2 protein chains.
Amino acid sequence: MKKITIGEASRKSGVKVPTIRYYESIGLLAEPNRSEGNQRSYEPADLRRLAFIRHARELGFEVEAIRTLLTLQDDPHQSCASADAIAKARLIEVEQRIRSLMALKAELELMVEGCGHGRVDQCRVIEVLADHGQCSHAHHSRWNEIGRLQGA
Amino acid sequence: MKKITIGEASRKSGVKVPTIRYYESIGLLAEPNRSEGNQRSYEPADLRRLAFIRHARELGFEVEAIRTLLTLQDDPHQSCASADAIAKARLIEVEQRIRSLMALKAELELMVEGCGHGRVDQCRVIEVLADHGQCSHAHHSRWNEIGRLQGA
DNA sequence: TCTTGCACCTCTAGTCGCTAGAGGATGTAG
DNA sequence: CTACATCCTCTAGCGACTAGAGGTGCAAGA
């Protein structure tokens, strides 16, 4: 069998080399065989797993969710209810986040449009930031709701 | 003058107590006077500054951007071009992020709709994750573009 | 054969914007 | 005077990597 180096795996999967090692360290990816000189040697299945992980990360799934999805994938006879639940939860997150960002967009547009490019004391950007009362009120309660949740 | 404790400042500004101390530690907020017993004592101006910071964070501005916005606010005779540029950059970020999230939403909806709630080997959620080729292709290049950029 | 130079190895520490907790001091109400 | 809430400082942790130091492996050209 042809040995796939970590660099090749990286190029083929689109996951950076240190990130692959990181995934191994947190147990998302099994420890691969090593060459004579202690270098990692991957197989096609590892590339598929990496692609799966990468795609899930692109879709904003957290590593813990991906871990669950991977164990599901490993045993195809299980019910896919968990996978479905994870995807649905992610969908709801994304929808909330879109709503939140739309409100922010409106807010920012107001600020930018209102800026007369004069001095700071007439600047609507600074003014609106200083006085929350001038907001469209669309985002007032939303922030705490979704918090600092990350993801694309 | 009435002394405002950090707890009161927190309640009035909506910024948590440890976060206020954190802002002080990174120099966003000046070190306040202290009471006899070494407790922080704030003034109305500090509350306004905290509200400004909070609002800017709600709008997803990074701390470094807020630092700039605050120095602008401190000197109202400057040109507001920087403030405008910062707000515009943020607006562009937000717009990109919305587009990206819309693509993800479409993707996730496909996955969730396609799931027949059977076993994993027929599950569209797992299947799509495993094979990027089944995507709508809307998000293919977008991820690297916006990267892991955070913010509401 | 030697050397150049890249790719690989491990390990630690840094990123961002907080948040949590330990362990102790202060302030206030009863 | 005694509870008890609130305050203090300090360190460590979160997620998902990323950067860098300091060293080894390996293939190709002179």
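Since the structure is predicted, the reported quantities are computational estimates derived from the model, not experimental observations. By convention in this document, chain letters (A, B, ...) are assigned in the order of the sequence lines, proteins followed by strands, and residues within each chain are numbered from 1.
Rounded to an integer number of Å, the gap from A:I4 CD1 to C:dA7 P is 18 Å. Here the C1' atom of nucleotide D:dC8 and the OH atom of B:Y42 are 12 Å apart, to the nearest Å. Atom CD in B:E31 sits about 13 Å away from atom C1' in D:dT9, given to the nearest Å. Distance CD1 (A:I26) to P (D:dC17): 7 Å, rounded to an integer number of Å. For the pair B:Y22 OH and D:dC14 C1', the computed distance is 13 Å after rounding to whole Å. Rounded to an integer number of Å, the gap from A:K16 NZ to C:dC8 P is 15 Å. The distance between atom CD1 of A:I20 and atom C1' of C:dC9, rounded to the nearest whole Å, is 14 Å. Atom-to-atom, CD of B:E24 to C1' of C:dC18 comes out at 15 Å; the value is rounded to the nearest Å.
Using a 4.0 Å heavy-atom criterion, one finds that B:Y23 contacts the sugar-phosphate atoms exclusively. A:R21 comes within contact range of at least one nucleobase, with a heavy-atom separation under 4.0 Å.
When atom types are taken as modelled, the side chain of B:R90 and the backbone of B:E62 share no donor-acceptor pair closer than 3.5 angstrom. The backbone N or O of A:S35 lies less than 3.5 Å from no partner atom in the side chain of A:S41, so there is not a single donor-acceptor pair. Side chain of B:R48 to main chain of A:A130: no donor-acceptor pair is present (N/O by atom type, distance under 3.5 Å, no hydrogens or angles).
Among the nucleotides C:dG17, D:dA16, D:dT9, the one closest to any side-chain atom of B:E62 is C:dG17. With D:dT18, C:dT19, C:dC8 as the candidates, the nucleotide lying closest to the side chain of B:P18 is C:dT19. When the nucleotides C:dC9, C:dC18, D:dA16 are ranked by their closest atom to the side chain of B:V63, C:dC18 comes out on top.
Between B:R40 and D:dC7, a side-chain N or O to OP1/OP2 separation shorter than 4.0 Å is absent. Phosphate proximity of D:dT9 to B:R34: present, with a side-chain N or O under 4.0 Å from OP1 or OP2. Taking 4.0 angstrom as the limit, B:R67 places none of its side-chain polar atoms (N or O) nearer than this to OP1 or OP2 of C:dC16. For B:R57, a side-chain nitrogen or oxygen approaches OP1 or OP2 of C:dC18 to under 4.0 Å. The side chain of A:T5 places an N or O atom within less than 4.0 Å of a non-bridging phosphate oxygen (OP1 or OP2) of C:dC8. Not one side-chain nitrogen or oxygen of A:S35 sits closer than 4.0 Å to the OP1 or OP2 atom of D:dG25.
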